[in-house]
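Everything below concerns the one structure shown next.
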Amino acid sequence: MAGPILFVAADPRECAGLIAHWDNVRAVPLPVTWVRTGRWKGKEAMAIANGAGADRAFAAVLVAPKPSAVCNIGFCGALDESLRVGDIFVACEVRNGSRRYETLVPGVVGSGIASGGVASIDHIAATAAEKRNLRATGASIVEMEAAGAARAAEDLDLPFYCIRAVSDLADETFENDFNAALTSEGQFSTLRLVTGALARPRQRFGELLRLKRRTDAASKKLGDFLADCTF
């Protein structure tokens, strides 16, 4: 019997739009930050959010019951200036330094969906200048987990997909220091963010509220898109 399709993210909010389409959603005991299983299109599905970074995504795939396929999902930063907030991006490859992982394209992908290469790095691309440098490598978006999930899928000889929703633009530089707020568990420390935001409250708290609105909308769009896909 084929295992469940496994969706791997960094944060549970990235999975919220997806599991809204599932039936019989429940938590199960696994050594990860957050996990849910459910019934989707008559089959078992699992979503794991295990914190930011490739190593945590790699571990999430390995501790799950062997799935039928692995799909990395979540938010991303645009490198391509034509991408807008909320755009859905279907990867055709993931690059991590000298490593390159090919990705599959799900069925029933609608028209107007962006695709291309993913730069999977070990930190948040915080400035427009860094995004321009990453764009020069040929990548269209940037994120932190896809290479880890892809490596695990390769080790297990599983089909691999990467589908993301844009949360920040190519020409944007963050006011907040999100890298400094990231803990060793792959979570953003609210205390660190609030403390840092106090230095420039208008700009930094405004950015946090704006990102909250963006990611809430992006999660729903991502979930609705995934609900129409076949893997």
Side-chain angles (χ1 to χ4, degrees), residues 7-22 25 27 32-36 47-53 56-57 60 71-89 114 118-128 130-131 134 140-146 162-227:
F7 296 92
V8 177
D11 189 276
R13 295 182 306 121
E14 295 174 312
C15 303
L18 171 64
I19 66 173
H21 293 274
W22 293 3
V25 176
V32 293
T33 303
W34 178 96
V35 58
R36 296 291 185 273
I48 293 178
N50 198 37
R56 300 192 71 86
C71 183
N72 173 239
I73 64 172
F75 310 134
C76 65
L79 304 178
D80 182 341
E81 292 187 350
S82 70
L83 292 172
R84 313 317 303 165
V85 170
D87 281 357
I88 302 301
F89 187 90
V118 177
S120 193
I121 63 176
D122 64 359
H123 62 280
I124 294 161
T127 68
E130 182 177 10
K131 292 174 188 177
L134 290 168
S140 296
I141 65 165
V142 59
E143 55 74 63
M144 295 176 62
E145 295 78 40
C162 177
I163 303 172
R164 294 274 179 157
V166 174
S167 57
D168 58 277
L169 301 176
D171 61 356
E172 290 182 320
T173 292
F174 287 129
E175 292 282 348
N176 290 275
D177 189 345
F178 290 102
N179 286 303
L182 196 59
T183 71
S184 59
E185 291 77 32
Q187 309 297 318
F188 290 104
S189 166
T190 301
L191 178 60
R192 292 181 193 176
L193 284 172
V194 170
T195 301
L198 290 173
R200 300 183 67 193
R202 182 176 179 182
Q203 295 89 342
R204 294 182 181 178
F205 282 114
E207 179 179 77
L208 293 175
L209 291 172
R210 182 166 62 252
L211 282 172
K212 174 67 165 56
R213 291 192 297 268
R214 287 181 176 186
T215 53
D216 285 348
S219 180
K220 185 180 186 308
K221 287 189 68 173
L222 181 60
D224 290 346
F225 175 79
L226 291 166

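For clarity, every value in this text was computed on a predicted model and none was experimentally measured.
- Within the 3.5 Å criterion, the main-chain N or O of Ala199 finds no donor-acceptor partner in the side chain of Arg204.
- Put simply, the side chain of Ile121 reaches to within 4.5 Å of the side chain of Leu134, judged on heavy atoms.
- Rounded to the nearest 0.5 angstrom, Arg192 CZ and Asn176 CG are separated by 14.0 Å.
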Inset, instruction - Decide yes or no on side-chain contact (heavy atoms from CB on, under 4.5 Å) for Lys212 and Leu208, but give the supporting numbers first. - result: CA-CA 6 Å; Lys212 174 67 165 56; Leu208 293 175; over 6 Å; no
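- In this structure, Arg164 contributes its side chain and Phe89 its backbone to no donor-acceptor pair below 3.5 Å.
- For the side-chain hydrogen bond (donor to acceptor under 3.5 Å, both in side chains) test, residues two or more places apart in sequence or in another chain that qualify with Arg200 are Glu175.
- In this structure, the side-chain hydrogen bond (donor to acceptor under 3.5 Å, both in side chains) partners of Lys220, at least two apart in sequence or on a different chain, are Asp224.
- Between the CG atom in Leu211 and the OG atom in Ser167 there is a gap of 6.5 Å [rounded to 0.5 Å].
- Across Ala146 and Cys162, no two heavy atoms sit closer than the pair CB-SG, 3.9 Å.
- Considering CG of Leu226 and CD1 of Ile19, their distance stands at 12.5 Å, rounded to 0.5 Å.
- The two residues Ile163 and Cys71 come nearest to each other via the heavy atoms CD1-SG, 4.1 Å.
- Asn50 contributes no side-chain N or O that, together with a main-chain N or O of Ala57, makes up a donor-acceptor pair within less than 3.5 Å.
- The CD1 atom of Ile88 lies 5.0 Å from the CG atom of Leu222; values are rounded to the nearest 0.5 Å.
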Legend entry - Verdict with reasoning, Arg56 to Thr33, per side-chain contact (heavy atoms from CB on, under 4.5 Å): CA-CA 10 Å; Arg56 300 192 71 86; Thr33 303; 3.7 Å; yes
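- Here Leu191 pairs with Ser189, Thr195 under the side-chain contact (heavy atoms from CB on, under 4.5 Å) rule; sequence neighbours left out.
- Side-chain atoms of Glu185 do not come within 3.5 Å of backbone N or O of Gln187 as any donor-acceptor pair.
- Listed by chain and residue number, Ala52, Met144, Phe188 satisfy the side-chain contact (heavy atoms from CB on, under 4.5 Å) test with Leu182 (two or more places apart in sequence, or in another chain).
- Scanning both residues, Glu143 and Ser120, for their nearest heavy atoms gives OE2-OG, 2.6 Å.
- The backbone N or O of Leu169 lies less than 3.5 Å from a partner atom in the side chain of Lys131, making a donor-acceptor pair.
- Of all non-hydrogen atoms in Arg36 and Trp22, the two that sit nearest each other are O-CZ3, 3.8 Å.
- Side-chain atoms of Glu130 and His123, non-hydrogen and from C-beta on, do get closer than 4.5 Å to each other.
- Sequence neighbours left out, the pairs with a member in residues 11-20 that pass side chain to side chain donor-acceptor pair (under 3.5 Å) are Asp11-Arg13, Arg13-Thr215.
- Ala78 and Val166 get closest at one heavy-atom pair: CB-CG1, 4.0 Å.
- A heavy-atom distance below 4.5 Å is not found between the side chains of Glu145 and Val8.
- Ile48 CD1 to Phe7 CZ: the interatomic distance, rounded to the nearest 0.5 Å, is 12.0 Å.
- The minimum heavy-atom distance between Ser82 and Asp87, with the atom names listed, is O-OD2, 4.3 Å.
- Legend: residues meeting side-chain hydrogen bond (donor to acceptor under 3.5 Å, both in side chains) with Glu81, ordered by chain and number and at least two apart, are absent.
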